[in-house]
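Inspection log for the structure reproduced underneath, given as C-alpha cells.
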Amino acid sequence: METTSVSSSRIQKFELEEDNELRFVVSGREEVTLELINGSAEVFGSVVEKNKKYIFPPGARVAVFTWKKATVELIGTANAYVSPETPMIMYINLHAALEQLRRIADNPTEKDRVGQGPRIMLVGPTDVGKSTLSRILCNYAVRQNRSPIFVDLDVGQNSISAPGTIGAIHINRPADVVDGFERTKPIVYNYGSLQPGDNNALYEKLLITLSQAVSAKTVENVETGISGVIINTCGWIADGGYAAIVQAAQHFEVDIVAVLDQERLYNELQKTLPKFVKIVHLPKSGGVEVRSSEVRLKSRNMAVQRYFYGTRGEQYFPHQFDVPFDEVTVVKVGTESVPEECLPVGMKPEDYSAKVVPFPISPELRHHVLALSPFDSLTQEISTTPVFGFVVVKEVDMIEKKMTVLCPRNELPYPRIFVYTKIEFLDDHNVPM
Ligand SMILES: Nc1ncnc2c1ncn2[C@@H]1O[C@H](COP(=O)(O)OP(=O)(O)OP(=O)(O)O)[C@@H](O)[C@H]1O
Ligand SMILES: [Mg+2]
C-alpha cells in the first residue's frame with residue numbers, strides 16, 4: 001500500500017490481488033472519491049468502471065472486491081485497509097445455485113418448477129451483512145439478464161423506502177455503485193414503527209398482503225417468475241423475531257433460507273421449517289462492523305432524507321405546504337384491545353391490531369413522518385393497502401388551525417388521509433412553499 005498526501009486531500013492507492021477486498025469507511029465530514037485505476041473490481045456486486053470517479057458520502061461503509069487484480073485510489077479522509085479474506089466465493093456459489101434453479105424453472109421438462117424460480121430469504125442477527133448479501137445476489141442475477149423481485153421486510157433499516165415500511169421492487173438493472181438500486185415503482189406498505197414486535201399481528205397481516213402482491217408479479221411476468229424473489233429481513237431473531245422469520249418463510253413460500261453467521265439460528269430453523277426448505281449457513285464478512293444505535297439512527301435519518309431530497313447523484317426538490325385541519329384526516333392503524341375480562345361473557349375480543357382510528361391533530365405530530373393513503377374516506381382497508389408516499393410534519397399551528405408538511409412533489413395530492421407513524425425526522429432545510 002502506498003500513501004501520499006496531496007494539498008488538503010489525502011490520496012491513498014491500493015494494489016489488490018485476486019479475491020482481495022478494499023474496505024473503507026468515510027470517516028470524516030467530507031466525501032471520499034473512489035477510482036479504479038487498473039484491473040477490474042465490484043462494489044457489492046456492481047461493476048466499478050475504470051477511471052470513473054465515485055463519490056461516497058460521510059458515514060458510507062464500502063468494500064471494493066476484485067476477482068482478479070485491481071489498482072484502486074481513494075481521495076479524502078477514509079479509514080481503509082485491504083483484506084485477503086472474504087466470503088465472496090461462498091456468496092457467488094450461492095448465486096450459482098440460484099441460477100441453476102432459474103434454469104430448471106425455465107426448462108419445460110421439469111414440470112413442477114416451470115415458471116417459478118428460487119425464493120430465497122436472508123436471515124441472521126443484526127450487522128452480519130444480510131442487506132449487503134441481498135444486494136450482491138440481486139446484482140449477480142441482473143448481470144445474468146435476470147429480473148428478480150427484491151423484498152425488504154426490515155422495518156428498522158428498510159432499503160426500499162422510509163423506515164417503518166416493508167416493500168418490494170423489481171430489479172432490472174444493477175445497483176448504482178454509490179446509491180444502490182433505483183427505487184422506481186416500489187410496492188410499499190406502511191407499518192409505522194421500527195420494531196415488528198410493536199404490533200406483531202399487523203406486521204404479519206402486511207407480510208401476507210405483500211407476499212400476495214409479490215406472487216401476483218411473479219405470475220404476471222414470465223421472466224420475473226423465473227428470476228425469483230430475494231428477501232431481506234431484520235436482525236431481530238429472538239422470541240417474536242424468530243416467529244416472524246418463520247411466518248415470512250411460510251407466507252413467501254421460500255425454498256431457500258440463507259442464515260448468516262449464527263449457527264444456533266441455522267439449527268433452530270432446520271428443526272422448524274418444512275423439509276423442502278433448503279437451509280444454508282454462510283459466514284459473515286469480516287468487513288461488516290457492528291453499528292452503534294447512534295449509527296443506526298443516523299442511517300435511518302439518511303433514509304428519510306434520501307426519500308425527500310434524493311442523493312448527490314439524483315437530487316429531488318421537495319416543497320412545503322400549509323394544510324388547513326379541515327382538509328386532512330389523520331388516522332392511526334392499530335389500537336389497544338379491550339382486555340378479555342372486560343368483555344361480556346362469551347364475547348370474543350375484536351382484533352384491534354389493524355383497526356383504523358382517527359388520530360387527533362396536535363403539536364405531538366411535529367417531526368413525524370405520515371404516510372399518504374390512496375383512500376378518500378376512513379376505511380379499514382387503509383391498514384393493508386400500499387401507500388403512495390410520505391410527508392413530514394414541520395409545524396402544527398393550533399391557532400391558525402393548519403399544519404405545514406414537507407412533500408416530495410410540488411403539489412400535495414388528494415385525497416388527504418394521512419396515516420400516523422412513530423418515525424420522526426427533523427428537517428432543517430429551508431424549502432419553498
Ligand atoms: N465486506 C464489507 N466490508 C466493509 N463494509 C461492509 C462489508 N459488507 C457490508 N459492509 C457494510 O456494513 C454495514 C452493515 O451491513 P449490512 O447492512 O449488510 O448488515 P445487516 O446484517 O443487513 O444489518 P442490519 O441487521 O442492521 O440490517 C453496511 O454499512 C455495509 O455497507
Ligand atoms: Mg439489513
Side-chain angles (χ1 to χ4, degrees), residues 14 16 19-27 32 34 41-46 48 54 56-67 72 74 78-92 120-139 150-161 163-167 175-181 194-196 230-238 241 244-245 248 257-262 265 282-303 306:
F14 301 88
L16 309 188
D19 296 343
N20 283 187
E21 183 170 272
L22 166 69
R23 296 170 182 160
F24 67 91
V25 182
V26 182
S27 44
V32 163
L34 160 78
E42 55 186 48
V43 168
F44 305 138
S46 303
V48 178
Y54 296 94
F56 289 89
R61 289 167 181 265
V62 188
V64 188
F65 177 82
T66 182
W67 290 107
V72 177
L74 292 182
N79 197 333
Y81 70 95
V82 175
S83 172
E85 276 170 35
T86 81
M88 287 302 283
I89 299 266
M90 277 173 265
Y91 293 175
I92 203 163
I120 179 168
M121 188 164 92
L122 300 144
V123 302
T126 47
D127 298 318
V128 290
K130 301 177 296 300
S131 303
T132 304
L133 181 55
S134 341
R135 176 164 162 179
I136 293 173
L137 293 176
C138 286
N139 268 330
F150 170 55
V151 173
D152 201 338
L153 300 180
D154 188 354
V155 283
Q157 305 277 334
N158 195 276
S159 55
I160 294 176
S161 187
T165 63
I166 62 171
D176 180 85
V177 168
V178 179
D179 291 341
F181 290 108
L194 299 170
Q195 277 94 29
I230 294 167
I231 305 164
N232 180 41
T233 60
C234 68
W236 183 44
I237 54 166
I245 291 175
V257 175
V259 184
L260 277 155
D261 192 47
Q262 213 196 64
L265 179 62
L282 292 168
K284 75 169 205 176
S285 163
V288 188
E289 278 166 56
V290 175
R291 291 175 290 178
S292 62
S293 47
E294 289 83 59
V295 175
R296 283 175 179 278
L297 176 65
K298 222 175 186 175
S299 93
R300 279 199 293 273
N301 281 338
M302 301 251 299
R306 174 177 178 159

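Numbering of ligands and ligand atoms starts at 1, following listing order. These numbers come from the heavy atoms of this one structure, side chains and all, not from hydrogens, waters or symmetry mates.
When Trp236, Phe44, Tyr81 are ranked by how near their heavy atoms come to atom 7 (C) of ligand 1, first place goes to Phe44. Residue nearest to atom 4 (C) of ligand 1, selected from Ala80, Gly129, Ser159, Gly287: Gly287 (by heavy-atom distance). The option with the heavy atom closest to atom 16 (P) of ligand 1, from among Thr86, Val25, Val290, Thr132, is Thr132.
Per-residue contacts place Thr126 under 4.0 angstrom from the following atoms of ligand 1 (heavy atoms of the residue considered): 25 (O). Ligand 1 places these atoms under 4.0 Å from at least one heavy atom of Asp154: 27 (O). Within ligand 1, counting atoms from 1 as listed, the ones closer than 4.0 Å to a heavy atom of Ala63 are 1 (N), 2 (C), 3 (N). Contact atoms of ligand 1 toward Ser285: 1 (N), 2 (C) (distance under 4.0 Å to a heavy atom of the residue).
Within the 4.5 Å cutoff, side-chain heavy atoms of Pro84 are placed close to those of Asn20. Side-chain contact check for Ile237 versus Val123: every heavy-atom pair is 4.5 Å or farther apart. At least one side-chain heavy atom of Ile166 sits less than 4.5 Å from a side-chain heavy atom of Val155. Contact of the Asp179 side chain with the Tyr54 side chain is not registered, since no non-hydrogen atoms from C-beta on lie closer than 4.5 Å. Counting only heavy atoms from C-beta outward, the side chains of Ile136 and Met88 approach each other to under 4.5 Å. Counting heavy atoms from C-beta on, the side chains of Ser285 and Glu21 come closer than 4.5 Å. Within the 4.5 Å cutoff, side-chain heavy atoms of Asp127 are placed close to those of Arg296. The side-chain heavy atoms of Asp19 and Phe65, taken from C-beta on, include a pair separated by under 4.5 Å.
Residue-to-ligand polar distances place Val128 within reach of ligand 1: an N/O pair is separated by less than 3.5 Å. For ligand 1, one of its N or O atoms has an N or O atom of Ser131 under 3.5 Å away.
Protein heavy atom closest to atom 26 (O) of ligand 1, with residue, atom name and distance, is Arg291 NH2, 2.7 Å. Among protein heavy atoms, the minimum distance from atom 1 (N) of ligand 1 is reached at Glu21 OE2, 2.9 Å. Looking at atom 31 (O) of ligand 1, its nearest protein heavy atom turns out to be Arg61 O, 2.8 Å. In terms of protein heavy-atom proximity, atom 8 (N) of ligand 1 is nearest to Val288 CG2, 3.4 Å.
Shown here are the protein N/O/S atoms lying under 2.8 Å from the Mg ion (ligand 2), water excluded: Ser131 OG.
With a 4.0 Å heavy-atom cut-off, ligand 1 is reached by the backbone of Lys130 and by its side chain too. Under 4.0 angstrom from ligand 1, there are no non-hydrogen atoms of Leu260.
Below 30°, between 30° and 60°, or above 60°: for Phe181 and Phe150 the angle between ring planes is between 30° and 60°, a tilted geometry.
Between the side chain of Thr233 and the main chain of Leu122, a donor-acceptor pair closer than 3.5 Å is present. For the pair Asn158 (side chain) and Asp152 (backbone), a donor-acceptor distance under 3.5 Å is present. In terms of modelled atom types and a separation under 3.5 Å, the side chain of Lys130 and the main chain of Pro125 share a donor-acceptor contact.
Not counting sequence neighbours, the partners of Asn139 by the side chain to side chain donor-acceptor pair (under 3.5 Å) test are Ser46.
Remark: distances from the non-hydrogen atoms of Arg296 to ligand 1 include one below 4.0 Å.
When the shell of 6.0 Å around NZ of Lys298 is examined, it contains 12 or fewer heavy atoms from other residues, nucleotides or ligands.
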